[in-house]
Participant: 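The structure is given below, and queries will be raised subsequently.
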Amino acid sequence: MPGESLSHQSAIDASPSESEPLLSRRSLRRGLDDDFTPEDIDPTGLEDAEQSKDSGSRRQMGLVSAIFMIFNRIIGTGIFSTPSVILRSSGSVGVALVMWVVGALVAAAGTAVYIELGTGLPRSGGEKIYLEYIYRRPKYLVACGYASYAIFIGWTSANAIAFGEYVINALGYPLNQWNARLIGIGCVTFSLIMHGVFMKWGLRLQNGLGFFNLFILLGIAFAGLFHWVGVPGFELQDGVEVPNNFEWDMMWAGTTTDPNAIVTGLFSVTWGYIGYHNANYVLSEVRNPVRTIKLAAPLALGSVTFVYLFINFAYFAVVSKNDILGSGRIVAALFFRNLFGPSAGKFISIVIAMAALGNVMATLFAYGRVIQDLGREGILPWPKTFASNKPFGAPLVALSVQALTASAAIIASPPGDAYLFMVNFSSYPLVIFNISIAFGLLLLYTPGYRSFDWRPPVRIPKAVACFFLLANLFLLLVPLIPPAPGFEVYEHLPYWLHAIAAISISLIGVGYWYGSFIWLPRRGGYELERKWSKDEDGVWQGNFVVRR
């Protein structure tokens, strides 16, 4: 059952400059927690958080760090590892390219939705904050349900597995069931140490990996372009199958009409763009968060979209369709082999491993803060432990929980299908969140929600939110349809496993909520009431107390 906790609920510790364009401080407090009264904080309702010891120490991220927090989360290994899956799912080069464009449009709509919510509620927590704000009844149900995903989905596991595989390939050792997984766990552990013990250096390394990845991605894109226009030195190696992917008839040959195959490809594309909302998880640590998120998210997504489309063009200009279909997750290695010879394969393996490391670091940093917030709200057991920034000024315990979950997922994932299963298993909950977020944003503009007084600094067209909602409904429902023969999602697993497993995770949170906040209080004849105070660092703390 929840005990003492720490909390920095949305807008509670906002500075006046950040809160001016938002909801009134008092109405926001009452909205997020009905057992919260103005007298619990500041009778004026307008405390100056610039006086807080916490304010200066926590806001360490500027625009560049926010951009690379998003960029590193998006890049990962998707653009290197999923093109063959997308091509196999689409059946043709033309439809594969269309999928990447559709994915960019969905990601742009999602970015717009999260910018409106992030500027309206500029606090760490991402979806958790927005879902709690919109769906207030039953009390604490949303927070508990979200907590189950934050803790039990190994968000970094897919890219950690890819990191291990590419390191093994670069070293020239044969890949087996365990060596890549052990290296993947080492990747997660390294990221934990950097962000949990040496946070400033961890952010610097993360930014450095972002610059490195951007440079390499641009290099691939331009190399493909140079080959296509015939620049000397970028010819195909002898013996390489000459691609004809851009001949009109060949471009559309083999197009599939199976909806499950198409959605499998779209899931892989979606995975490639996941992360456009990553800075929303850490806005309490961002300087001038409203202005920063308005700039960082579009800049990061625009850069990634530009690079992704050109890299796909480069792949299809240099590698034949048959080679891509048979490449598994090494299409980038084939690209370098075709242009620069077999020795380039090890180099690109190192490059992709660095991209995976950057993604693991960005993801761990963000979800560690989400778990810390859940501790500060008292939702988790032993909340003070989860909320603590001791001893290194970073949420080491919260980060450790995410690292342990990811490591367990790496060990438990099935051989052969491990990477694709973890991609789909990690993507499906985000589809559920996106549906709830988009629908909730539309609700805020209905007459029934007028009392919420929703006045964010950035407002997007409602059609954008509707498009984002419909796109994610499609991604939610189609994976439950049996695939056509020849378009099976996995080699050894049922096609529906990732969807059912992801949905089942929510049952853990629902059960925890019912036991902690409904069943035990009824059985014990008491009610739980959350009280708020400040800790020694100036951060708002929630404390659940028993009231009989």
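It should be emphasised that the depicted structure is a prediction, and the values quoted were computed from it without experimental measurement.
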Participant: Quick one: CG on Leu203 to CZ on Phe198, what's the gap to the nearest 0.5 Å?
Facilitator: 14.0 Å

Participant: Check for a donor-acceptor pair, side chain of Ser436 on one end and backbone N or O of Ile432 on the other, with a separation under 3.5 Å.
Facilitator: yes

Participant: Under 3.5 Å, is there a donor-acceptor pair between the side chain of Ser148 and the main chain of Gly145?
Facilitator: yes

Participant: Using every non-hydrogen atom in the two residues, find where Gly196 and Leu396 come nearest and quote the distance to one decimal.
Facilitator: CA-CD1, 3.8 Å

Participant: If you look at every heavy atom in Leu380 and Tyr512, which pair is closest and at what distance?
Facilitator: C-OH, 3.8 Å

Participant: Going through the distances and angles, do Ile437 and Val113 end up as a side-chain contact (heavy atoms from CB on, under 4.5 Å)?
Facilitator: CA-CA 8 Å; Ile437 289 294; Val113 167; 3.6 Å; yes

Participant: Sort out for me which residue in Asn359, Thr363, Val188, Leu357 forms a side chain to side chain contact (heavy atoms under 4.5 Å, CB included) with Asn159.
Facilitator: Asn359

Participant: Contact between Leu469 and Leu442 at the side-chain level, heavy atoms closer than 4.5 Å - yes or no?
Facilitator: yes

Participant: Between atom CD of Gln206 and atom OG of Ser191, what is the distance when rounded to the nearest 0.5 Å?
Facilitator: 8.5 Å

Participant: Quick check: does any side chain N or O of Thr119 sit under 3.5 Å from a backbone N or O of Pro456, one acting as donor and the other as acceptor?
Facilitator: no

Participant: What heavy-atom pair brings Ser157 and Ala406 nearest, and what distance separates the two atoms?
Facilitator: CB-O, 3.8 Å

Participant: Quick one: does any side-chain atom of Asn434 pair with a main-chain N or O of Gly110 as donor and acceptor, under 3.5 Å?
Facilitator: no

Participant: With no hydrogens and no angle check, is any side-chain donor or acceptor of Tyr149 less than 3.5 Å from a backbone partner on Gly509?
Facilitator: no

Participant: Does atom CZ of Phe474 have more than 12 heavy-atom neighbours from other groups under 6.0 Å away?
Facilitator: yes

Participant: How long is the span from the CZ atom in Phe544 to the CD atom in Glu527, to the nearest 0.5 Å?
Facilitator: 12.5 Å

Participant: Please find the pair of heavy atoms, one from Val106 and one from Ala471, that lie closest to each other, and give the distance.
Facilitator: CG2-CB, 3.8 Å

Participant: Are the side chains of Glu127 and Tyr114 in touch, meaning some heavy atoms are under 4.5 Å apart?
Facilitator: yes

Participant: For Gly302, does its backbone N or O pair with a side-chain atom of Thr305 as donor and acceptor, under 3.5 Å?
Facilitator: no

Participant: Heavy-atom count around Arg291 CZ within 6.0 Å, excluding the residue itself: above 12?
Facilitator: no

Participant: If the plane angle is over 60° it's perpendicular, under 30° parallel, otherwise tilted; pick one for His195 and Phe365.
Facilitator: perpendicular

Participant: In the structure I gave you, are the side-chain heavy atoms of Trp382 and Val397 within less than 4.5 Å of one another anywhere?
Facilitator: no

Participant: Once rounded to the nearest 0.5 Å, what's the spacing between atom CD1 of Ile185 and atom OG1 of Thr156?
Facilitator: 10.5 Å

Participant: Less than 6.0 angstrom from the centroid, inside 45 degrees of the normal: does Arg136 satisfy that with respect to the ring of Phe452?
Facilitator: yes

Participant: Without swapping roles, check the side chain of Ser388 against the backbone of Lys384 for a donor-acceptor pair under 3.5 Å.
Facilitator: no

Participant: I'd like to know if the side chain of Trp513 and the backbone of Lys139 have a donor-acceptor N/O pair within less than 3.5 Å.
Facilitator: yes

Participant: List the steps and the verdict of side chain to side chain donor-acceptor pair (under 3.5 Å) for Glu132 and Tyr140.
Facilitator: CA-CA 8 Å; Glu132 282 184 301; Tyr140 311 124; over 6 Å; no

Participant: Taking the six-membered ring where the residue is Trp, are the ring centres of Tyr308 and Trp100 under 6.0 Å apart?
Facilitator: yes

Participant: Looking at CG of Leu399 and CZ of Phe386, how far apart are the two atoms once the value is rounded to the nearest 0.5 Å?
Facilitator: 12.0 Å

Participant: Give me the atom names and distance for the closest heavy-atom approach of Ser516 to Leu528.
Facilitator: O-CD1, 3.6 Å

Participant: Hey, does the side chain of Tyr445 reach the backbone of Trp454 with a donor-acceptor pair shorter than 3.5 angstrom?
Facilitator: no

Participant: Which residue, Leu430, Leu301, Ile70, forms the side chain to side chain contact (heavy atoms under 4.5 Å, CB included) with His277?
Facilitator: Leu430

Participant: Once rounded to the nearest 0.5 Å, what's the spacing between atom OH of Tyr130 and atom CD of Glu116?
Facilitator: 11.0 Å

Participant: Please find the pair of heavy atoms, one from Ala465 and one from Ala438, that lie closest to each other, and give the distance.
Facilitator: O-CB, 3.8 Å

Participant: According to the interplanar angle, ranging from 0 to 90°, do the rings of Tyr428 and His498 count as parallel (below 30°), tilted (30 to 60°) or perpendicular (above 60°)?
Facilitator: perpendicular

Participant: Please check if the distance between the ring centroids of Tyr133 and Tyr449 is under 6.0 Å.
Facilitator: no

Participant: Should Gln402 and Val370 be marked as a side-chain contact (heavy atoms from CB on, under 4.5 Å) after you check the CA-CA gap, both sets of side-chain angles, and the distance that decides it?
Facilitator: CA-CA 10 Å; Gln402 182 56 217; Val370 172; over 6 Å; no

Participant: Pair Leu141, Tyr135 - check side-chain contact (heavy atoms from CB on, under 4.5 Å), show working.
Facilitator: CA-CA 9 Å; Leu141 175 60; Tyr135 305 105; over 6 Å; no

Participant: Please work out which of the three classes, parallel, tilted or perpendicular, describes the rings of Phe433 and Tyr146, given edges at 30° and 60°.
Facilitator: tilted

Participant: Does Tyr367 have Arg369 sitting over its ring (NZ/CZ under 6.0 Å from centre, angle to axis within 45°)?
Facilitator: no

Participant: Hey, mind stepping through Ile293 and Val286 against side-chain contact (heavy atoms from CB on, under 4.5 Å) and telling me if it holds?
Facilitator: CA-CA 9 Å; Ile293 195 65; Val286 173; over 6 Å; no

Participant: Kindly indicate whether the side chain of Phe517, heavy atoms from C-beta on, has any atom under 4.5 Å from the side chain of Pro138.
Facilitator: no

